[in-house]
Amino acid sequence: AMERNVHPGEWTWSNIATMRAQLKRLGFALDWSRELATCDPAYYGHEQALFLDLFEAGLVYRKESEVNWDPIDMTVLANEQVIDGCGWRSGAAIERRKLSQWFLKITDFAEDLLEGLGDLDEWPDKVRLMQENWIGKSRGLQFRFALTSPLPLAGGAGGGPVGKLDGETIPPLTPPASGRGIDSIEVFTTRADTIFGASFVAIAADHPLARAVADRDEAAAAFIAECKRGGTTAAELETAEKKGFDTGLQVVHPLDSAVRLPVYIANFVLIEYGSGAIFGVPGHDQRDYEFATRYHLPVRRVVAASRDQAGEPIGSAADPVHGVAVNSQFLDGMPTAQASVEIIRRAEAGGWGQGKVQYRLRDWGVSRQRYWGTPIPIIHCARCGPVAVPRQQLPVILPDDVAFDLPGNPLDRHPSWQKVDCPQCGAAARRETDTLDTFVDSSWYFIRFASQPGDQPFDRAEAESWLPVAQYIGGVEHAILHLLYARFWTRALNRIGRIGIAEPFKGLFTQGMVTHETYRSVDGRWLAPDEVNDAAGGTLVEAATGSAVERGRTEKMSKSKRNTIDPEPIVDRYGADAVRWFMLSDSPPERDLEWSESSIEGSARFVQRVWRLVIDVGAGAGSDPQIDRKLHRAVAAVGDAIDGLQFNKAVAQLYELVGALEKAAPSASRSIAIRTLVRLISPMAPHLAEECWAQLGGEGLVAGADWPAHDPAMLIDDQVTIAVQINGKLRDTLTAARGLDQAATEALALASDKVQRQLQGANPRKIIVVPDRLVNIVA
RNA sequence: GCGGACGUGGCGGAAUGGUAGACGCUGGAGACUUAAAAUCUUCUGCCCCACUGGGCGUGCGGGUUCGAGUCCCGCCGUCCGCACCA
């Protein structure tokens with residue numbers, strides 16, 4: 001909006017209109033009566049009602065969470081918009097800031113979402129695997145390390161609530177039970193068997209203990225500040241150099257009170273996972289190894305392939321072996337898995353720890369500090385806290401009269417929109433100005449497509465008559481987030497009794513992305529392909545200025561990189577069917593497609609070839625067995641390919657059929673085949689097919705005609721080609737009648753001149769015969 | 001860094017462990033034409049040979065098998081995702 005000086009609503013609605021026109025022009029057979037827009041209050045009002053349903057069911061809560069804050073644009077930035085620690089528009093150094101935000105309790109469904117994957121047998125294995133890893137279930141040991149001396153809580157920083165769970169405020173992870181301060185650190189490990197190899201304890205920069213240390217230690221505070229300077233993405237955190245700060249605190253080893261471990265604040269420990277603290281085992285974890293080497297901490301072997309290798313030193317890298325425990329007192333000789341179980345048993349018996357199932361999955365933060373989104377239907381009252389907007393006041397409509405001339409969220413500056421009375425006590429209160437993540441919009445739209453009553457989000461019976469979605473199609477980039485959110489939303493509605501299905505999508509197909517080269521001007525602006533011209537010597541220049549253009553990587557088409565192609569001119573030039581045919585013909589749909597127009601000429605030619613066949617169909621008589629066979633094969637193969645979503649193979653089959661028909665002499669068979677061809681191309685080239693159908697005097701529309709049937713007997717040839725190999729190398733091919741037995745096939749192969757020449761009189765040692773296919777002679 | 005995938009001619013790609021390169025694009029040669037376009041015929045993985053033929057070839061290195069693009073192990077490269085792009 002700021003860049004183009006256009007209201008985002010105007011911009012969005014005009015884009016919708018453009019895209020709708022493009023889809024219609026391409027002839028997609030969609031039920032337009034069900035079209036919806038998620039930015040329409042008629043949609044998002046129902047979304048607000050569903051949000052309140054989840055709120056009332058205790059599946060929504062508020063907690064503090066870190067965001068990328070741009071101090072100049074006064075806005076939160078997406079990870080994608082932070083480049084080398086700076087805002088993409090302002091260039092300002094980005095700060096990590098804590099904001100109080102709304103979360104959905106997807107972690108309540110971690111086990112359900114994991115188990116549910118097992119029933120999704122029409123999903124690609126890779127997507128199920130990615131979701132399984134994302135949910136990240138692991139079993140391990142949770143326990144507390146006792147600090148040698150408790151750390152008093154100074155000031156305010158250490159003692160505040162970490163967050164709210166289950167509606168109640170939970171105390172800091174380490175409760176100052178005695179009132180004297182923090183006296184222990186809770187850790188979680190999946191490798192309890194390595195506990196005797198621990199050389200340090202590391203806590204996240206956001207850990208309450210770290211904050212307490214920072215309160216009395218400036219160096220610690222500086223280190224924490226440094227940790228917060230980098231980006232917030234997992235990739236950045238994990239690739240950053242492993243750094244730590246020695247707090248000077250020590251903890252006691254739970255199984256050997258003589259052993260003391262130092263406590264570090266470390267930049268690679270995540271507060272979101274587990275309890276935000278770990279113990280490090282440098283001998284068997286590469287990250288811990290690097291950390292220990294850097295800070296001169298002991299590296300001990302506590303696992304070995306066998307017991308007699310207990311003395312083997314750890315070399316220049318960690319040894320991630322699963323074997324038996326060594327140098328571990330009572331565990332020595334115990335296999336890794338059993339040793340873990342034994343430690344957990346002892347921890348539980350001794351009361352210092354317990355076995356725990358841990359998930360990597362985190363709750364879903366849905367607050368966005370942006371104007372263009374679904375307003376979160378909550379009112380903040382100084383006395384009552386956050387209160388749901390009463391149902392009869394829904395939808396909470398996003399105001400149109402906002403200005404984008406100043407930095408920050410325009411909702412925060414709106415003169416009246418925020419001001420409301422508390423629905424509970426009637427006192428002056430303030431509307432929530434955060435809007436919902438647009439992923440929420442896409443987490444239930446499929447239900448709304450199925451059922452669109454005006455007075456509620458959906459009619460249960462009507463929705464259930466359609467759902468689950470039989471065949472969902474989306475880019476593989478949605479394999480985790482969108483698909484997991486939609487699954488969660490459906491399960492949440494199911495749990496609160498709103499719908500009788502647990503899984504939204506029965507079948508899933510993940511298509512590849514359309515990619516294109518990217519272009520950058522000398523001053524670093526992204527250029528669209530139509531702003532770039534070819535210059536001499538294979539170089540590129542900017543069309544408007546003639547200055548040099550840097551050719552960038554080929555990547556998925558995106559608005560931010562501007563490497564998109566406008567389909568309109570291509571449709572203008574070649575027609576909708578040529579474009580459809582072209583898009584389907586080249587690449588298998590699950591694979592990425594690098595956009596190029598080079599083969600669209602071939603598609604346009606194909607349209608003409610089909611038309612020529614139809615207008616010259618003639619009135620041939622008599623049958624042509626070869627054409628009959630070709631046709632039945634094509635009918636079978638095209639049908640199979642379409643059922644398997646292998647459109648490129650269907651297209652190849654049709655090219656073959658057309659090629660054969662062009663060469664064939666007129667016959668009744670050929671005339672029938674041409675009529676059948678029109679039905680076969682109709683899914684891919686519907687406009688052409690209808691025109692051909694009318695030309696051939698077909699009844700009604702080809703779209704309404706039955707799909708042609710084929711005779712399975714016609715698929716089998718009575719002649720087969722047999723490959724003859726010597727030592728696996730092809731030496732000859734022979735034509736023979738189908739169904740020849742092994743001995744006869746072998747004799748035929750040995751009779752071949754080429755085989756005899758190769759063998760030079762030697763006796764074959766072994767002959768493998770695959771009937772009707774192949775003979776391999778081992779000489 | 002972690003998780004997931006992919007890698008086949010000049011290009012897009014095809015191949016239930018059994019004839020690698022179907023089909024399309026590009027390119028070459030020819031026909032038709034005054035000419036061009038369109039159309040048609042034909043060739044087109046690489047190398048030797050330039051006939052009958054032979055050798056090499058599916059990212060790299062091993063392995064299993066009568067036989068590997070396909071299965072197994074180890075590398076390399078590229079792409080997608082990593083929780084605020086959606």
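Per chain, numbering begins at 1; letters A, B, ... match sequence-line order. Remember, it's a predicted structure, so these values are computed and weren't measured experimentally.
Of the candidate nucleotides B:C84, B:G18, B:A5, B:G18 has the atom nearest to the side chain of A:Leu774. Picking from B:G4, B:U41, B:A22 the nucleotide with the shortest atom distance to the side chain of A:Asn133 gives B:G4. Considering only the side chain of A:Thr721, B:U19 comes nearest among B:C66, B:U19, B:C85. With B:C66, B:G53, B:G81 as the choices, the nucleotide that has an atom nearest any side-chain atom of A:Val778 turns out to be B:C66. Out of B:G4, B:C56, B:U19, the shortest distance to the side chain of A:Lys729 is found at B:C56. Side-chain proximity of A:Arg731 to the nucleotides B:G3, B:A22, B:G55 is greatest for B:G55. Nearest to the side chain of A:Leu481, among B:G12, B:A83, B:C40, sits B:A83. For A:Ile480, whose side chain is taken as the heavy atoms from C-beta onward, the closest listed nucleotide among B:A14, B:C66, B:G81 is B:G81. Side-chain proximity of A:Phe439 to the nucleotides B:A86, B:A83, B:C56 is greatest for B:A86. Closest to the side chain of A:Lys649, from the set B:G18, B:A22, B:A15, is B:A15.
Salt-bridge check for A:Lys243 with A:Glu290: failed, with every basic side-chain N at 4.0 Å or more from each acidic carboxylate O.
Ranked by how close their nearest RNA chain B nucleotide is to the 5' end, A:Pro588 and A:Arg360 are led by A:Pro588. Residue-to-nucleotide proximity on RNA chain B shows that, of A:Arg368 and A:Asn776, the 5′-proximal contact is made by A:Asn776.
As judged by a 4.0 angstrom heavy-atom cut-off over every strand, A:Gln369 is placed among the base-contacting residues. Using a 4.0 Å heavy-atom distance criterion, A:Leu654 is classed as making no nucleic acid contact. Residue contacts for A:Glu656: at a heavy-atom cut-off of 4.0 Å it reaches the sugar-phosphate backbone alone, with no base atom in range.
We find that CG of A:Leu730 is positioned 15 Å from P of B:G57, with the value rounded to whole Å. Atom CH2 of A:Trp581 is separated from atom P of B:C25 by 12 Å (rounded to the nearest Å). Atom NZ in A:Lys137 sits about 20 Å away from atom P in B:G3, given to the nearest Å. The separation between A:Gln653 atom CD and B:A15 atom P is 10 Å, rounded to whole Å. Remark: P of B:U65 and CZ of A:Arg765 are 14 Å apart, rounded to the nearest angstrom. If you take CZ of A:Arg591 and C1' of B:C80, they are 15 Å apart, rounded to a whole angstrom.
Of the residues listed (A:Gln369, A:Glu64, A:Arg368, A:Glu66), the one engaging A:Gln101 in a side chain to side chain donor-acceptor pair (under 3.5 Å) is A:Gln369, and it is the only one.
Counting distance only, with no hydrogens placed and no angle test, the side-chain atoms of A:Gln81 and the base atoms of B:C85 include no donor-acceptor pair under 3.5 Å. For A:Gln101 against B:C84, a side-chain-to-base donor-acceptor contact under 3.5 Å is present.
Checking A:Ser585 against A:Asn648 by side-chain atom types alone, no donor-acceptor pair falls below 3.5 Å. Between the side chains of A:Asp437 and A:Trp364, at least one donor-acceptor pair of N or O atoms lies under 3.5 Å. Side-chain atoms of A:Thr107 and A:Asp363 include a donor-acceptor pair closer than 3.5 Å. In the model, A:Arg487 has a side-chain atom that pairs as donor or acceptor with a side-chain atom of A:Gln131 under 3.5 Å.
Proximity of residues 605-616 of chain A to RNA chain B (heavy atom under 4.0 angstrom from any strand atom) is restricted to A:Arg605, A:Arg612.
The aromatic ring centres of A:Tyr43 and A:Tyr445 sit 6.0 Å or more apart.
Here B:G9 sits opposite no nucleotide as a Watson-Crick or G-U wobble pair (both hydrogen-bonding atom distances under 3.5 Å). Under the Watson-Crick or G-U wobble criterion, with both distances below 3.5 Å, B:C2 is paired with B:G81. The nucleotide B:G21 finds no pairing partner, because no Watson-Crick or G-U wobble arrangement with both distances shorter than 3.5 Å includes it. Pair check for B:U39 finds B:A31; Watson-Crick or G-U wobble, both atom distances under 3.5 Å.
The NZ atom of A:Lys242 sits 15.0 Å away from the OH atom of A:Tyr289 when rounded to the nearest 0.5 Å.
The two residues A:Arg448 and A:Leu36 have their closest heavy-atom pair at CG-CD2, 3.4 Å.
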